[in-house]
2 protein chains.
Amino acid sequence: MAKRESNVDRVYEALRRMAADFAFKPDQRINESALSEVLGASRTPLREALNRLVAEGFLTFQNNRGFFCRPLTPSYIMDLYEARVAVECEAVRLACTRAADEDIAALADYLNRMEPEYESATDPEELLAMDESFHARLAQLSGNSELQRILNNLNGRIRYIRLIDLKRMRDRAGGKAPGDISAHRQIVEGIAARNTEAAVSAMRSHIEKRREEATEAVRIAFSQLYVPDE
Amino acid sequence: MAKRESNVDRVYEALRRMAADFAFKPDQRINESALSEVLGASRTPLREALNRLVAEGFLTFQNNRGFFCRPLTPSYIMDLYEARVAVECEAVRLACTRAADEDIAALADYLNRMEPEYESATDPEELLAMDESFHARLAQLSGNSELQRILNNLNGRIRYIRLIDLKRMRDRAGGKAPGDISAHRQIVEGIAARNTEAAVSAMRSHIEKRREEATEAVRIAFSQLYVPDE
DNA sequence: CCTTGGAATATTGTATGCAGTTTCGAATTC
DNA sequence: GAATTCGAAACTGCATACAATATTCCAAGG
């Protein structure tokens, strides 16, 4: 069997990670030749991958000037969080109406199985992965693949900020990041009870609670990004 | 002044129009060489544009097999409509909270100025353009550029179906497509009154009303797409 | 010292060529 | 006649080359 994954896919994945982790600094111009050398591919597949990332909002593009890392502003982050509210609340609403009982139960199970790990984890990356995984599964309950797709995109772009946020909370709380699993459980219980209003409002306040924290996190992100650590 | 618009932009715009109007039939394989000749560009910029369209959900891609027109299924259309509900309802919600009175008034004005044209128009394309324009302006009131971006993408993908739908309604109603401007006015009035619940529910029912029609429209779209007219 | 002009340099934009893979059809077998 | 195999043709994947455009840098003038 020959290779199944193409070069542009590999490059795309690498770039998405780099963009999500802000390996590029906001507004930084991206040098294609240098990057292609780092990634071990020529400029042709690299540019194809870069174009995908532009379409997904991870990067920007200017004619004859090339690709840039997206800027990072408080209002941009706010927009992303608000879009998450829109998508996830509707997903919850749909899940209440149409998710199968067994699928809801499976998600509740997942939450229970995860709880020990979630409560004991201190690594922000790990926590974030679990959190994102929960939200993705929740979106799956809606049965709507567009909502899942949009959420995946938003989470990718919001990822770095959430990481900053989690690290900050861990440092404040003395080595313990806050595993806010009760909010998740509340949402799932609302869905299980087919109580649309309760579930939606639980989701809304869960996300909105993060929003002000995120604004603060952006400020911190700025200081981490613009004061180079090398 | 030299050219401001690059080749890939031009190609992208052309492709987006073609995809929105289903110049490609669902699941049809796209031949890069032939297409590049039609569009007057080499395969390199063409592929960059195609990659953007894949990222935006207009096309699909398979390794070593190339690009394909997206499939067209009732559940896919349903997903798009539901995503629209999510995005537009949240946009309305935000507009109620934070839009400036003068901007709301401007939208109401726009609606009034458009009304004669809207009521008298018989060309579905024209009607659709006006309708999309209204929804885009409404999303602008939210002040959230992510919601605007997502809506723009969803509308682009849903466009063909709405066109089929409008044409069908026109034919049924005897040369008169239904200018449902009252629903739009109701939404704007809700926002002007800062009555969030009223405005949101008006928006929700406005979009959802279209949904069942859309399912029927898909069936018709199928017959138009798979029975070639040439 | 700041500004301006303009070559030198670096970077992007796109065409082209070739290697690798898939697709298609004709010949072959059952 | 249907299924199968195999080779040719078509197509995609990617590297490379060169043209077009932007950026930098340095020198000259104010």
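Small disclaimer: the values here were computed from a predicted structure and weren't measured.
Regarding A:N51, its CG atom lies at a distance of 12 Å from the C1' atom of C:dT12, rounded to whole Å. For the pair A:F68 CZ and D:dA22 P, the computed distance is 12 Å after rounding to whole Å. Across the protein-nucleic acid pair, B:E32 atom CD and C:dT22 atom P stand 15 Å apart, rounded to whole Å. For the pair B:F67 CZ and D:dC11 C1', the computed distance is 13 Å after rounding to whole Å. D:dT16 atom P lies 14 Å from atom CG of A:L46, rounded to whole Å. As a whole-Å value, the separation of A:L50 CG from D:dC14 C1' is 15 Å. As a whole-Å value, the separation of B:N64 CG from C:dT21 P is 7 Å. In this entry the distance linking CD of B:E48 with C1' of D:dT12 reads 16 Å, nearest Å.
A cation-pi arrangement is absent between A:R211 and A:Y81, since the terminal nitrogen or guanidinium carbon is not both under 6.0 Å from the aromatic centre and inside a 45° cone about the axis.
Of the N and O atoms on the side chains of B:S133 and B:Y110, at least one donor lies less than 3.5 Å from an acceptor on the other residue.
Here B:T44 does not reach the OP1 or OP2 of C:dT14: none of its side-chain N or O atoms lies under 4.0 Å away. Proximity of B:N63 to the phosphate of C:dT22: no side-chain N or O atom is located under 4.0 Å from OP1 or OP2. Contact annotation: A:N31 side-chain N/O to C:dT11 OP1/OP2 distance is under 4.0 Å.
At a threshold of 4.0 angstrom between heavy atoms, the contacts of B:F61 are confined to the sugar-phosphate backbone, with no base atom among them. A:R43 comes within contact range of at least one nucleobase, with a heavy-atom separation under 4.0 Å. Within 4.0 Å of B:I30, counting heavy atoms only, lie sugar-phosphate atoms of the nucleic acid but no base atom.
With A:P124 as the partner, the side chain to side chain contact (heavy atoms under 4.5 Å, CB included) test is satisfied by one option alone out of A:M169, A:R168, A:K167: A:K167.
When each of A:V8 and A:R29 is assigned the nucleotide of DNA chain D with its nearest heavy atom, A:V8 is the one assigned upstream, toward the 5' end.
Of the possible donor and acceptor atoms, one in the side chain of A:R98 sits under 3.5 Å from a partner among the backbone N and O of A:S142. At least one donor-acceptor pair under 3.5 Å links the side chain of A:Q28 to the backbone N or O of A:K25.
Considering only the side chain of A:R47, C:dT12 comes nearest among C:dT12, D:dG13, D:dC14.
In the interface, the side chain of A:S33 is not paired with the base of C:dT12 through any donor and acceptor atom under 3.5 Å apart.
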